[in-house]
Participant: 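Below is one structure. I have some questions about it.
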Amino acid sequence: QGFLAGTLKKMLPKRKRLIALELEPTDAKHVSYMRPAEDSGCKLDQYIVFGTVESKLRQEFEEQGKLYRAEPKYRTWVPGQKADSRLKEVVDVALVSAGTIKRLGWVAVFQGLTEVCKVMRSSGRVIIVANEADEATLGDKLESFVEGEAGLESLRTDSKTAQVVKSMRGTGLRLEGAMRNDCGLVLGICLKQAAAKKLAKALTDVERRRAKRAGEKSKNNSKSFS
């Protein structure tokens, strides 16, 4: 749990008043994990429960909300249906916790992420936490769905991996990276596709500038020895 809590906090976006969302949770334990570090200058302002919430689970979130000074909110979503339309684009970070993919199936999870993507800021992100059972449901290790520079061209078009990646693209998200520990948990981070393209361009520009500076330095060194 220490790996999960610590890594989640590092993956949170830097916003003074953070609005988080969790897709179809079965407990409220992740509220504390999604709370920014005390010295970050940020706070968890709202925690949106996105799915079906029974009275016992609602009570758990109310108690966690009071403990961590975050307002719990509830938005109904049922797999195969559109979500509650009251939400606007306000979500900074969304969480799919371990076991959710196994419990709902990857098709239903991606249906949910399609709805989540509609209410996320352009700079928002989705964190997917997967265990071994989730990966078995996906049919491969989570790292296999990180597209990289080659995108779908690196995958066999008839493979289940390619089908899953295509379905994820259909949500409006792109899996950018994954981090694994020794206990069977892996955390993946997804960005909106438009944001992912901007990030890729920014990284490319940085690499080009580094290469240019390295070339100029090498050229200057050569002159100094001539």
Side-chain angles (χ1 to χ4, degrees), residues 4-5 7-38 40-101 103-106 108-130 134 168 170-175 187-195:
L4 179 59
T7 307
L8 279 176
K9 289 185 186 299
K10 291 177 183 177
M11 288 183 166
L12 296 176
K14 301 291 184 183
R15 291 194 67 85
K16 193 170 183 178
R17 301 174 72 88
L18 188 75
I19 298 178
L21 176 151
E22 186 173 351
L23 178 69
E24 274 288 338
T26 57
D27 57 53
K29 70 180 182 182
H30 292 94
V31 175
S32 64
Y33 299 169
M34 298 290 279
R35 187 171 60 102
E38 294 287 350
S40 67
C42 307
K43 73 178 292 287
L44 180 60
D45 189 46
Q46 296 177 22
Y47 200 90
I48 300 169
V49 182
F50 198 74
T52 304
V53 186
E54 297 180 353
S55 58
K56 182 180 178 181
L57 183 58
R58 181 184 287 261
Q59 182 61 35
E60 288 182 27
F61 276 103
E62 293 294 330
E63 291 172 358
Q64 290 293 299
K66 288 179 182 178
L67 181 61
Y68 296 111
R69 299 179 181 178
E71 180 185 5
K73 291 194 171 183
Y74 310 94
R75 296 294 181 260
T76 302
W77 172 73
V78 177
Q81 298 182 13
K82 290 187 176 181
D84 188 325
S85 61
R86 286 176 293 170
L87 272 177
K88 303 299 180 186
E89 292 191 10
V90 295
V91 175
D92 299 302
V93 59
L95 175 69
V96 178
S97 60
T100 304
I101 295 173
R103 177 164 45 89
L104 299 181
W106 64 268
V109 168
F110 288 169
Q111 287 175 350
L113 289 180
T114 299
E115 298 300 311
V116 169
C117 202
K118 295 176 183 177
V119 299
M120 277 178 51
R121 299 184 193 276
S122 59
S123 59
R125 62 195 62 177
V126 173
I127 302 171
I128 298 175
V129 184
D134 294 319
M168 182 172 288
T171 69
L173 297 166
R174 177 182 165 116
L175 183 63
L187 281 73
I189 188 163
C190 305
L191 301 178
K192 279 191 169 182
Q193 289 180 24

Participant: Side chains of R75 and L21: does their closest heavy-atom pair fall under 4.5 Å?
Facilitator: no
Participant: Any side-chain heavy-atom pair from C117 and L173 closer than 4.5 angstrom?
Facilitator: yes
Participant: May I ask you to test the V31-E60 pair for a side-chain heavy-atom distance under 4.5 Å?
Facilitator: no
Participant: When you measure from the side chain of E24 to the backbone of T52, do you find a donor-acceptor pair of N or O atoms at a distance under 3.5 Å?
Facilitator: yes
Participant: Nearest 0.5 Å, what's the CD1-CD1 distance between I127 and I189?
Facilitator: 5.5 Å
Participant: Just wondering, do V119 and I48 contact through their side chains at under 4.5 Å, heavy atoms?
Facilitator: no
Participant: Do T114 and T171 have side chains that approach each other closer than 4.5 Å (heavy atoms only, starting at C-beta)?
Facilitator: yes
Participant: Is a side-chain donor or acceptor of D92 paired with a backbone partner of G124 at a separation under 3.5 angstrom?
Facilitator: no
Participant: Measuring from K29:NZ to Q64:CD, what's the distance to the nearest 0.5 Å?
Facilitator: 11.5 Å
Participant: Can you tell me how far the CE atom of M11 sits from the CG atom of L187, to the nearest 0.5 Å?
Facilitator: 5.0 Å
Participant: How close do K192 and M120 get, counting heavy atoms only, and between which atoms?
Facilitator: NZ-O, 2.8 Å
Participant: Measure the spacing between CG of L113 and NZ of K118 and express it to the nearest 0.5 Å.
Facilitator: 12.0 Å
Participant: Quick one: does R121's side chain get under 4.5 Å of R15's, heavy atoms only?
Facilitator: yes
Participant: Locate the shortest heavy-atom distance separating V53 from R58; write the atom from each residue and the value.
Facilitator: CG1-N, 3.6 Å
Participant: Let me confirm one number: the CZ-NZ distance from R17 to K43, rounded to the nearest 0.5 Å.
Facilitator: 5.0 Å
Participant: Between CD of E22 and CZ of F61, what distance do you get to the nearest 0.5 Å?
Facilitator: 5.0 Å
Participant: Are side-chain heavy atoms of R103 and T26 found at a separation under 4.5 Å?
Facilitator: yes
Participant: Mind listing the closest non-hydrogen atom pair of G65 and P72 along with its distance?
Facilitator: CA-CD, 4.4 Å
Participant: Strictly distance-based, threshold 3.5 Å: is any side-chain N or O of K9 a donor or acceptor partner for the main-chain N or O of R35?
Facilitator: yes
Participant: Using the ring of each side chain (for Trp, its six-membered ring), is W77 parallel, tilted or perpendicular to F50, with breaks at 30° and 60°?
Facilitator: parallel
Participant: Can you name the nearest heavy-atom pair linking A130 to D134, along with the distance?
Facilitator: CA-OD2, 3.4 Å
Participant: If every non-hydrogen atom of M34 is compared with every non-hydrogen atom of L18, which pair is closest and at what distance?
Facilitator: O-CD2, 3.8 Å
Participant: List the atom of C190, the atom of I128, and the distance in Å for their closest heavy-atom pair.
Facilitator: SG-CD1, 3.8 Å
Participant: Just by distance, do the side chain of Q111 and the backbone of G80 share a donor-acceptor pair under 3.5 Å?
Facilitator: yes
Participant: For Q59, which residues count as a side-chain contact (heavy atoms from CB on, under 4.5 Å) partner, sequence neighbours excluded?
Facilitator: E63
Participant: Does a side-chain heavy-atom distance below 4.5 Å link Y74 with L57?
Facilitator: no
Participant: Side chain to side chain contact (heavy atoms under 4.5 Å, CB included) for L23 and E115? Distances and angles first, verdict last.
Facilitator: CA-CA 10 Å; L23 178 69; E115 298 300 311; over 6 Å; no
